[in-house]
There are 2 protein chains.
Amino acid sequence: MHEDRIRLPALMDRIMTAADAARLFRSGMTVGMSGFTRAGDAKALPLALVERARSEPLALTLITGASLGSDSDGLMANAGVVARRMPFQSDAALRRKINSGEVMFIDQHLSETAEQLRGGGLKPVDIAVIEAVAITRQGDAAGIVPTMSVGNSASFAEQAAQVIIEINLSAPLALEGLHDIYLPARRPGREPIPLTSTGQRIGASTIHIDPARIAAIVITDSPDSPSNVLPPDAETQAIAGHIIAFLEAAVAAGRMGPELLPLQAGIGTIANAVLHGLTGSSFRNLSMYSEVLQDSAIELLDSGQLAMASASSITLSAAMHERFLRDIERYRDRIVLRPQEISNHPELVKRLGVIALNTALEFDIYGNVNSTHVGGTHMMNGIGGSGDFARNGHLSFFVSKSVAKDGAISSVVPMTPHVDHTEHDVDVLVTEWGLADLRGLAPRERAPLIIERCAHPDYRPQLRAYLEEALLRGGQTPHVLEKAYSWHARYREQGSMII
Amino acid sequence: MHEDRIRLPALMDRIMTAADAARLFRSGMTVGMSGFTRAGDAKALPLALVERARSEPLALTLITGASLGSDSDGLMANAGVVARRMPFQSDAALRRKINSGEVMFIDQHLSETAEQLRGGGLKPVDIAVIEAVAITRQGDAAGIVPTMSVGNSASFAEQAAQVIIEINLSAPLALEGLHDIYLPARRPGREPIPLTSTGQRIGASTIHIDPARIAAIVITDSPDSPSNVLPPDAETQAIAGHIIAFLEAAVAAGRMGPELLPLQAGIGTIANAVLHGLTGSSFRNLSMYSEVLQDSAIELLDSGQLAMASASSITLSAAMHERFLRDIERYRDRIVLRPQEISNHPELVKRLGVIALNTALEFDIYGNVNSTHVGGTHMMNGIGGSGDFARNGHLSFFVSKSVAKDGAISSVVPMTPHVDHTEHDVDVLVTEWGLADLRGLAPRERAPLIIERCAHPDYRPQLRAYLEEALLRGGQTPHVLEKAYSWHARYREQGSMII
């Protein structure tokens with residue numbers, strides 16, 4: 001039974017229930033789990049750990065690729081299983097625990113976790129839990145075939161003393177061959193990463209591991225949680241329109257070919273909508289070098305405009321997920337899934353010249369971006385890979401709707417109370433109102449451009465008044481420090497940033 | 001005459017006075033000048049441009065490697081020659097013009113200017129002005145031998161319609177062979193940069209250029225301005241001591257070999273002092289992969305502890321400069337000067353695993369660093385290469401004395417009013433009081449560590465009180481926004497941050 005999924009007969013006796021596998025864990029351990037933007041996460045062990053925590057304390061450091069699906073993060077947080085969490089999350093219950101100080105959350109660039117583990121900057125992983133399509137035989141080694149994401153799984157498998165594999169029967173065997181597993185070597189003596197085009201394969205199709213370290217195999221049969229992005233609306237379509245016009249102008253000016261440079265789009269509704277907007281545009285032979293593929297990427301593959309897509313995860317709506325798995329043979333040659341360290345690697349993002357599209361919570365009149373902290377203090381999800389791409393790519397766009405909460409919050413503020421992306425790393429800001437190209441401009445030049453092009457008209461007079469007062473004080477980046485956060489205070493006290 | 005310096009006879013008739021060469025400039029042009037941390041800057045043309053601006057308006061965009069010597073930046077700013085300046089400066093007169101809004105200053109990562117020029121994100125360079133030791137014959141091409149810095153000179157020479165070369169007779173011919181000129185290709189199709197060790201040579205020893213584009217050659221004979229770093233003092237020695245103890249512990253724990261990983265040290269007194277502190281330490285066979293070599297690097301080469309040093313510039317005190325030029329044969333095999341795009345390149349900084357030591361103006365209790373803006377608004381010098389190294393290196397240290405202005409300013413504040421390096425990119429903070437290793441810690445864990453280890457004891461009670469009040473409001477990164485900049489206001493109004 002399961003011979004097609006577990007191809008080393010010697011491993012058959014490692015099959016056990018999730019409850020039995022959960023007995024391997026001890027409070028205080030560091031656990032590395034597969035899962036990236038709700039894709040390819042372990043389905044059974046999180047629940048088994050929650051169950052075990054009912055009878056004895058079990059407080060773990062949990063490292064993943066990115067966010068988990070199946071409410072796992074929330075269930076584990078509420079059960080006290082997660083004491084420390086990195087590098088990303090997007091769960092409402094876990095978020096509450098983080099913001100109340102009950103869970104320590106380390107918000108990291110998604111490319112950095114694996115490097116920090118390798119370099120000894122974090123405590124080593126005790127147990128890895130990795131969802132797999134199958135375990136193959138690779139000479140004397142076992143080969144783990146990941147499911148819909150690779151994330152940090154290869155690094156966890158390399159480092160962990162014990163590895164638990166969840167074989168998910170709902171993940172078709174046809175996923176085999178989609179993945180490309182390459183990890184940088186330790187330093188010193190590291191060689192260049194040989195990747196020079198988005199679709200190139202530079203590693204193995206499975207995660208190689210000594211079978212002796214496979215401590216348990218658990219059989220599951222639950223699909224990934226569907227993506228929860230919203231469909232495009234008038235504002236996101238307008239944002240997409242501004243970006244497309246900007247890129248068309250760059251092509252017309254000869255600064256890029258009609259195939260552009262490889263695209264990256266962050267997780268979420270707006271980035272998905274922007275990419276969706278490319279369907280039907282004049283661009284052809286596009287490529288993606290991104291961390292996640294959403295519905296829009298599949299649409300662009302279907303329209304024939306997207307020639308090749310590289311990422312660390314595929315996160316789709318329920319309908320698109322079903323269609324993708326059914327037609328996977330059609331996509332196989334045009335999609336590569338890589339470790340997130342490689343999909344987000346500074347060396348490769350820089351070499352390829354990625355065009356980065358990421359979402360801002362808010363940005364200020366000088367071009368600093370807050371991607372993570374609501375009101376400057378309360379964590380939303382995390383920085384994710386936005387910094388990996390914005391810092392090192394060829395062009396970095398940050399997009400946002402100009403207002404939130406029916407206009408009570410302006411996304412363009414005098415000063416962001418938390419900075420994830422500095423003025424040095426932000427090239428172009430876009431809202432539904434327009435686009436501000438900040439390249440080559442001093443802060444005093446950026447401010448009027450951002451106000452007039454990006455801010456909601458209702459907020460422009462307030463922003464102009466702030467800038468005018470700030471300019472009286474002088475400086476490279478003029479501010480009225482005692483009023484810099486008055487908008488955030490006004491929202492807190494009066495329910496709106498509007499004066 | 002000057003046959004040893006100008007080895008293409010056909011170029012002899014391009015020799016002219018600086019005043020004549022200055023006639024090539026038109027108001028509105030973009031000019032790229034050699035010069036990086038006061039080294040290898042053009043000496044004659046800046047003065048000739050100032051002279052020319054007396055008789056007719058001449059407002060230029062001036063791009064350099066980094067800071068210029070010889071008061072050139074200030075003289076040109078005061079004469080109205082500099083309308084727009086990037087990517088770095090450190091001149092008092094220019095700084096005043098920047099902060100008053102008369103000069104537009106674009107504060108860039110030093111690795112990025114060349115890439116932005118290549119990609120068309122900035123207007124192209126019209127005229128390049130490059131200081132050289134000599135012009136050699138390279139087949140049909142001319143080869144420019146740079147002097148004490150490479151900076152962005154190779155990119156300027158590649159792009160500019162016209163190139164003016166200043167042959168500096170005070171720069172000895174023995175400098176020939178010190179440089180390694182390699183530039184990344186345009187995208188798409190860029191290959192990996194083949195460098196895998198600090199001393200490796202991957203390019204040519206000169207900047208190749210079509211002689212037809214050499215519009216003028218000007219002969220000069222003035223040495224570089226000497227470095228203005230201060231000698232180590234008790235505080236900088238204490239900072240060095242903390243860092244050395246930290247690195248010794250990493251070696252003892254087996255996380256690094258006794259040769260460490262390549263070191264980078266920012267320009268200035270504190271970074272120089274830290275490196276100076278390594279002289280006599282237990283470390284052997286060290287290497288540097290940095291943007292500038294200061295006196296301390298030469299001391300470490302002399303002590304035998306530093307095996308190899310790579311940088312884009314050599315900036316020395318007058319006495320050390322003289323000694324270096326006299327004994328250059330002793331150093332030639334152990335120093336490589338590269339374009340700043342390569343010395344600071346994300347791909348290489350990441351691959352080599354650089355240990356980055358940079359100076360903060362101030363940092364906050366959660367680990368955000370302000371490197372550039374005094375009081376949050378007024379430009380000091382610029383971010384320089386600190387972000388290139390901090391983001392992509394193996395370990396990023398930021399150092400500062402705990403107080404400035406005789407204790408009236410605390411370098412540890414509740415919230416920095418300008419962020420150059422986010423919490424995501426700062427690993428270790430150090431003052432004379434101690435060291436805070438922030439890796440793997442959530443913001444709520446970092447704050448007490450930074451306060452108790454790094455802040456001056458006089459300011460610890462105030463910081464503790466702020467944190468206590470902030471914690472009542474909750475969040476991942478607790479703050480009392482309306483009081484976050486009260487310290488800066490108190491200094492402005494009362495002359496001290498002390499309550």
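Sequence lines set the chain letters: A, B, ... in the order given, protein chains first and strands last, and positions in each chain run from 1.
Interface remark: of the candidates Lys350(A), His488(A), Glu115(A), Lys350(A) forms the most heavy-atom pairs closer than 4.5 Å to chain B. Taking Ser197(A), Gly254(A), Pro87(A), Gly353(A) one by one and counting their heavy-atom pairs under 4.5 Å with chain B, the maximum is reached by Gly353(A). Here Glu445(A) is the residue among Arg446(A), Met379(A), Glu445(A) with the most heavy-atom pairs under 4.5 Å with chain B. Interface check for chain A: of the options Arg187(B), Arg444(B), Lys123(B), the most heavy-atom pairs under 4.5 Å are formed by Arg187(B). Highest contact tally toward chain A, considering only Asp420(B), Leu348(B), Asn392(B), is held by Asp420(B) [criterion: heavy-atom pairs under 4.5 Å]. Listed options Gly120(A), Gly101(A), Pro478(A) were ranked by heavy-atom pairs under 4.5 angstrom with chain B; first place goes to Gly101(A). In terms of heavy-atom pairs under 4.5 angstrom with chain B, the leader among Met104(A), Lys483(A), Met86(A), Arg473(A) is Met104(A). Highest contact tally toward chain B, considering only Leu471(A), Asp425(A), Thr113(A), Asp427(A), is held by Asp425(A) [criterion: heavy-atom pairs under 4.5 Å].
A distance-only check finds no donor-acceptor pair linking the side chain of His378(A) to the backbone of Gln476(B) [under 3.5 Å].
Of the atoms belonging to Asp364(A), not a single heavy atom falls under 4.5 Å from chain B. In this structure, the portions of Arg190(A) lying under 4.5 Å from any heavy atom of chain B include both its backbone and its side chain. Interface remark: Ile193(B) contributes backbone atoms only to the contact with chain A (heavy atom separation under 4.5 Å). Only the side chain of Leu122(B) comes within less than 4.5 Å of a heavy atom in chain A; its backbone stays farther off. Contact of Arg96(B) with chain A is not made at all, since no heavy-atom distance falls under 4.5 Å. With a threshold of 4.5 angstrom between heavy atoms, Leu352(A) approaches chain B through N, CA, C or O but not through any side-chain atom. Residue Ser100(B) touches chain A through its backbone alone, counting heavy-atom pairs closer than 4.5 Å. With a 4.5 Å cut-off on non-hydrogen atoms, Met256(B) does not touch chain A at all.
Considering NE2 of His394(A) and CD of Gln116(B), their distance stands at 9.0 Å, rounded to 0.5 Å. Remark: His345(B) NE2 to Glu347(A) CD distance equals 9.0 Å, nearest 0.5 Å. Separation of atoms NE2 (His424(B)) and CD (Gln108(A)) is listed at 10.0 Å; rounding is to 0.5 Å. Here the straight-line distance linking atom NE2 of His109(A) with atom CZ of Arg391(B) works out to 3.5 Å at 0.5 Å rounding. Note: Leu441(A) CG to Arg84(B) CZ = 6.5 Å, rounded to the nearest 0.5 Å. A distance of 6.0 Å separates CG of Asn368(A) from NE2 of His418(B), quoted to the nearest 0.5 Å.
Residue Thr422(A) comes nearest to Thr422(B) through the heavy atom pair CG2-CG2, 4.0 Å, listed as atom of the first residue, atom of the second, then distance. Shortest non-hydrogen contact noted between Leu261(B) and Pro188(A) is CD2-N, 4.3 Å. Nearest heavy-atom pair across Glu423(B) and Asp107(A) is OE2-OD2, 4.2 Å. Taking every heavy atom of both residues into account, Pro192(B) and Thr196(A) meet most closely at CD-CG2, 3.6 Å. Across all non-hydrogen atoms, the minimal contact from Ala442(A) to Ile106(B) is N-CG1, 3.7 Å.
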Chi angles and distances behind the side-chain contact (heavy atoms from CB on, under 4.5 Å) call for Thr416(B), Val419(A): CA-CA 10 Å; Thr416(B) 54; Val419(A) 179; over 6 Å; no

Residues Met415(B), Tyr485(A); criterion side-chain contact (heavy atoms from CB on, under 4.5 Å); working and verdict: CA-CA 12 Å; Met415(B) 182 186 252; Tyr485(A) 298 140; 3.5 Å; yes

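Heavy-atom contacts from other residues, nucleotides or ligands closer than 6.0 Å to CZ of Arg492(A) number more than 12. The environment of Gln200(B) atom CD is dense: over 12 non-hydrogen atoms of other residues, nucleotides or ligands sit within 6.0 angstrom. When the shell of 6.0 Å around CD of Glu482(A) is examined, it contains more than 12 heavy atoms from other residues, nucleotides or ligands.
Using a 4.0 Å cut-off between a side-chain N of Lys or Arg and a carboxylate O of Asp or Glu, Arg439(A) and Glu112(B) do not qualify as a salt bridge. Ion pair Arg351(A)/Glu191(B) not flagged as a salt bridge, since none of the NZ, NE, NH1 or NH2 atoms sits closer than 4.0 Å to an Asp/Glu carboxylate oxygen.
Residues Thr377(B) and His479(A) have side chains that never bring a donor and an acceptor to within less than 3.5 angstrom of each other.
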